[in-house]
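Every number for a ligand or one of its atoms is a count from 1 in the order of the listing. Just so it is clear, the structure is predicted and the values come from calculations on it, not from any experiment.
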Amino acid sequence: MASNFKVVQEVDVNGHKITKFRSNKTGLSVVHVDNEGPIVNGYFTLATESFDDDGCPHTLEHFVFLGSELYPYKGVLDGLANRALANGTNAWTDVDHTAYTIATAGSEGFLNIMPIYIDHILYPTMTEAAYYTEIHNVNGDGENAGVVYCEMQGRENSASSIMDLRRQRTMYPENSGYRYETGGLMSCLRSLKAEKIRQYHRDYYRPDNLCLIISGRVDHQKLLDALDPVEERIISKGPLPPMKRPWVDSPQAPLMSKTTKATVTFPSEDEDMGEVAINWFGPPITDFLTFQALDIIETYLTDSAVAILRKEMVEIEDPYCTSIDFRTSQRIRVEIQLSFDSVPTEKLEEVEPKFFSIIEKIAQEGFDMERIAAVIKREKLKLLDRLETDHMTLAWPCLIHFLYGKEDDSDLADFTNDLDNLDAVAKFDNATWIKYLREYYIDSKRATIIGKPSAAHAAKLAEDEAKRIEEQREQLGPEKLKELEEELQKHRAQNDIPVPAEIFDNFPIPSAKGIEMIEVLTGRSQPSSNFNNEIQKHLDNDASKIPYFIEFDHIKSEFVELTLFFTSTELPPRLRPYLDIYFESFYSLPLVDPATGKETHFEDVVRMLDNDTVSRGCGAGVSNAFRQLALVVLKTERAKYSEGIAWLNKMTWNTRFDADRLKVIATKLLNDIPGQKRDGARMSRACMDVIAYDHDNSNTAALNVLEQAKFLPDVIKQLEQEPEAVIKAMIELREILTHPANIHIQVQGNILNQNEPKTAWAKNFGLKNAATTLAPIPFSSQVWSEAGKAPGMKGYVVNMPSIESSFASHVARGPTEFLDPDYPALLVLSECLDTLEGPFWKQLRGSGAVYGANLRVDIESGFLSFTIYRSPDALRAYNLAKKIVDDYASGKSKFTKQELEGAKASIVYRIVRKEETISSAATESFVNQVLKKVSANYNKEFLERVQSVTPGQMQHAMDKYLSKVFQPETSLVVVTSATTKVKDISEGFKSIGFQLETKNIDDI
Ligand SMILES: [Zn+2]
C-alpha cells in the first residue's frame, strides 16, 4: 500500500540529515534524525497543556504504561520492549509536553515495538484498577499512596519545587498553562478522579498532536512500512473533531507588569545555605537570533572562573554562592532563570543587588570583545562536539519545533541551525551587546525569589502530615480502612493478570549480531605485536620514542580527547582527602614557567585554556567506577592536538598552589555540602560508603561529602594560619600522583589524521623517565573497610528532617573479577528481578511501597547492592523485597522462559549502549583493555556468555551472592528517613535481626 506519509521538510545540519514526514490522513508527524551509532532513540511527543494543579499530564503519562486496547495488560509494553533489545521504556512530563521514550540496540527491534508503543499512547485502557495503584489510593493504614502520589510526595517540598512553583505563579496569570504544576500537587492528587484524566486523554492524545522523533540509523521505507498498521487503526476509529493547537492557539500571557521579590522557606535542618533565583521573560520563541545572543551573554557572564559573575561572586574569599547558572526554557516566550546555589543565609538579600551592580557596570563600560569572540568560537566547537556525542542535540530542537513551530514546517531549519545564528552574533559590536543586556536583564521586569532554609518548616511539615493522617484514619474508621485495603488488593490483583505467554513468544528478538557497532582501532606508544592494524603501523612510522604508556584509540572525530590516569594507591591517608581540592583547582591555578620563573596569573591561564579547549575536567574514576584513579581530561579540536598535550603538561607539573586560590576553592567545596546533605538518596549512598570503604586508603571514603564536611573547615583554618603546611601537602600529593609509574595515558580521536601522533608527546610532555614497571590499576574492591570485607549486622538509620520519605542502601559482597564465571548469571538474575514490570517493579512499586528499587552488580567495587529509592516506609519495602528474593531462592517462584529471554535481551541493550557514540566507544575500548585488562572484544564475548546462562547457573548465583544481600549476617544497611518514620524503621530492623544505630546525618 502506498504510504500516507509525505516528506514535508528536509534539513541538513553539518552533515546530519533531518527528515520530517506527515500523514495526510491522520496528521501524525514523524521526524527522523540520521545519527551514526548502534542505538536508535525514540521520543514520542505530545503537546500537553493543563490549567490546574491536578497533574493530568503527569498522571496520564503513568496511565499509558498500564495496558492498551490491543494489549490490555499491565507490563506488556516493557516486557516487549526488552525483547526489542531495549531496557524498558520511559517518559517525562514537562510543563508544555509529554514525551515517551525508548532506546533500542539496532533498528529492527525499534520498528517492531513502535506500533505497540503508539497503541498504548493513543488507546490506553485507563482502568479504575490502574488508577488506584498507579496514581493514588488510601491504604489500609489510612495513608495516602500510589506511585504518582509518592513521587510527588518526594518532590513537592524540595527547595527547587517550592521556588519553581512560586516563579510560575508570579510570571503567569490564571488562564495560562505555564502557571501550573503539571506533576500534580499532593492536595489535588488526593481528590483527582480517573474520569478527569480520561477526558484529558481524549482532548490531547490525538494523532495530529503526536510527533514521533526518532534519532539513529533507520531505513525510511521500513520506518513508514512499520507505521502502516498504525495508520489503518487510527483511521478505523473515525474522524476526530477539529483541535486547537495547545499553547500556540491559547491566550498569550502578558509580560510581567512589575518587578517583584518574594521570600519562600523550604524544609531543611541545616539553616546555613539558601538559594536565590531571578526570573525574566526573554524574546518570543521564534526570535532565534536574540535567543542566541542572550545565550552568549549568559555564557560570557558565567562559564568559567574568569567569567565576571563567577569571578566577583564565587571565586572570592567570602563567596555569595557556590555556583551561578542561567537556564533558558523555550516556551512560547522564552523564560530566563538565573540561579545562585548554596547562598549563605546571611547573604541571601545581598545577591540580587550585587548581581545588578555587576551587570550595570558592564552596560556602562562595555563587554570585553575579545572574550565575547572567544566565547562564541567555543560555543560553536561545543555544539559540533555535541552533534558527535549526544542524540538530544538535534532531537530536542525538533521537539520544540513540533510544539511551537509553524504548522507548514517551513521553519524547521530555523529551529535547528544554531550554527548560522552563532555566525550572525559573531558580527555584533559592543553597542549591540549592551543593548541586549539592557533590554532583557536590566530594564526588563523580573521576579526574584529567595529560598530560605527553615528547620521550623521541616518540623511543621512533619507535624501537619502526621496530624492529617491521624485525622484521616479517625474519619475513615476501622471498618472503612479494612474495606479500602480489600479494595486495594482487588485492584492490585486485577492489574496483575499475567500477560499471555504467546504475546511474548510472537514478538521476535532480533539477533545481536546484526547490530552495527562503531569500530575503534587501537594502537600503543610502543611497537606492539598485539595491534596489527593501520593505527599501530601509523604510530610505528612516527620515529619518536615514547618511553611511557599511551593508548591511541582511533575514531572518526573532529576532536581529540586526552586523558591522564593517575594511580593513587601510594597516597598516604593524611594526603588523600586533599584530592578534592586538587581536582577542583587543577585547571585554575597560576602557572610558573620552569625556565624563566615567570608567573602567569590564574585568570590568564583560564582564559587561554578556554581558547584552546572544548572541554576539560578532573576527578576520581570513570563513570563511577575505578575511583582509585585520578583522571585529568582535556578535549580540543584536532588541529590543536599539540597545544592540548602542552597544556596537560603545564597543568600537571608547572602550576603553583596559591594559598588564596586554595582557600577560595576549599570554601566553595564546603559551601556546597549543605545542599547535598538534603538529598536522601545521596546521603544513603554516602553513609554506606563511610561504612564499606577503608577510611585511610579509599578515595570513595576520603572524598565522601560527610568526610569532606569535617576535613574542609580544618584546611580553611590552616590556610589562614599556616598556609605553607597545606601547600606542602598539595605538592607532596602531586609528586606521588604524577610519578612516572603512576601514569597511564589515553588519546582518542582521529589518529590517522595526525601526522606525528607520538612526536607531539615527545615534544610537549615532560614525562622524560619511564618507569620500569607501571603501578597496577587499583580496584575499589582492594580498599574495603573491615565491614566491607565481611559485611554483616552493621548499619545506620539516619534521621533526615529535610525529606518526607525514606531511601535505603543494602550491600553484600559480589564477584570481583570481570571474567568471573558467575558474573553473567548474576547479572541475568538481577535483571530478571529488577527489570521494568519484573517482580520488584510489580510488587514493590505496584504496591506503592517504593518509587524505585534497583539491584546493581558492580565488579570493580566487588559489591552487590539493593537500593530503595523514595519509599514511604523503607522497612516495609525491604521486607517485601526479601520475600520476593527468598521465594525465588527456595524455588517457590520461578522465572518464566519469557522473563529469562526478556532479561537477556535487555542486557544486550545495556552492553551495546556503552558504545553508543564514537567517544563512548573509544572510552570503552580503553576501559576494557587497560583498566579491566580484558580484550577489546570483551563486550561482544560477554553478550554470548549472557545468552548461554542457564537457570541452574542463576540458582547458583542466587545462593552464592544475591540472597546474601537480604540476610542480616552478610549485609550492610543504611536507611535515610523522614523524622516521623525513624523510630518504626529502626525498631523494625532490630526485630528481624539487624543491629542498626540511629544517627543524625551530622554524627556520621
Ligand atoms: Zn512520574
Side-chain angles (χ1 to χ4, degrees), residues 43-50 52-67 74-75 77-78 81 87-103 117 120-121 124-127 129-137 144-158 160-162 164-165 168 177 180-190 192-194 196-198 200-201 204-205 495 679-681 803-807 834-838 840-842 844-854 867-872 877:
Y43 312 91
F44 303 158
T45 307
L46 301 118
T48 44
E49 186 177 24
S50 160
D52 55 44
D53 299 312
D54 282 355
C56 282
H58 179 215
T59 49
L60 181 50
E61 175 213 307
H62 282 252
F63 245 159
V64 157
F65 293 102
L66 302 190
K74 179 174 183 285
L77 182 64
D78 283 315
N87 181 16
T89 55
N90 213 336
W92 73 74
T93 304
D94 202 341
V95 74
D96 55 4
H97 70 274
T98 307
Y100 294 87
T101 62
I102 183 160
Y117 208 156
H120 279 76
I121 294 170
T125 50
M126 301 188 283
T127 62
Y131 173 83
Y132 220 79
T133 58
E134 187 71 15
I135 294 167
H136 174 248
N137 66 65
N144 298 79
V147 176
V148 172
Y149 187 83
C150 292
E151 182 189 346
M152 296 316 291
Q153 188 170 42
R155 245 164 62 183
E156 189 168 312
N157 287 303
S158 68
S160 61
S161 294
I162 289 173
D164 220 34
L165 192 60
Q168 291 171 283
Y180 300 98
E181 170 55 89
T182 38
L185 292 179
M186 284 189 279
S187 60
C188 299
L189 287 170
R190 289 198 285 266
L192 173 67
K193 297 280 179 292
K196 181 163 178 182
I197 312 172
R198 293 189 193 114
Y200 190 85
H201 181 270
Y204 289 90
Y205 278 44
N495 284 331
D679 182 335
I803 60 177
E804 283 189 86
S805 44
S806 54
F807 300 81
D834 83 347
T835 188
L836 265 65
E837 297 296 346
F840 279 0
W841 179 279
K842 276 194 206 141
L844 296 177
R845 184 171 151 120
S847 69
V850 301
Y851 181 72
N854 284 92
T867 334
I868 292 169
Y869 185 83
R870 214 181 269 164
S871 162

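- K196 meets the salt bridge (charged side-chain N to carboxylate O under 4.0 Å, His left out) test with D52, D54; sequence neighbours excluded.
- For the pair R870 and F807, the cation-pi criterion (under 6.0 Å, within 45° of the ring axis) is not fulfilled.
- The CD1 atom of I197 sits 12.0 Å away from atom CD of E61, with the distance rounded to the nearest 0.5 Å.
- Panel detail: the Zn ion (ligand 1) has protein N, O or S atoms under 2.8 Å away, 4 in number.
- Among residues two or more places apart in sequence or in another chain, the side-chain contact (heavy atoms from CB on, under 4.5 Å) test is passed with A145 by N137, N139.
- Ring pair Y117/F44 is perpendicular by interplanar angle, where above 60° counts as perpendicular and below 30° as parallel.
- Scored by the side-chain contact (heavy atoms from CB on, under 4.5 Å) test, N87 finds E831, S906, Y909, R910 as partners (sequence neighbours excluded).
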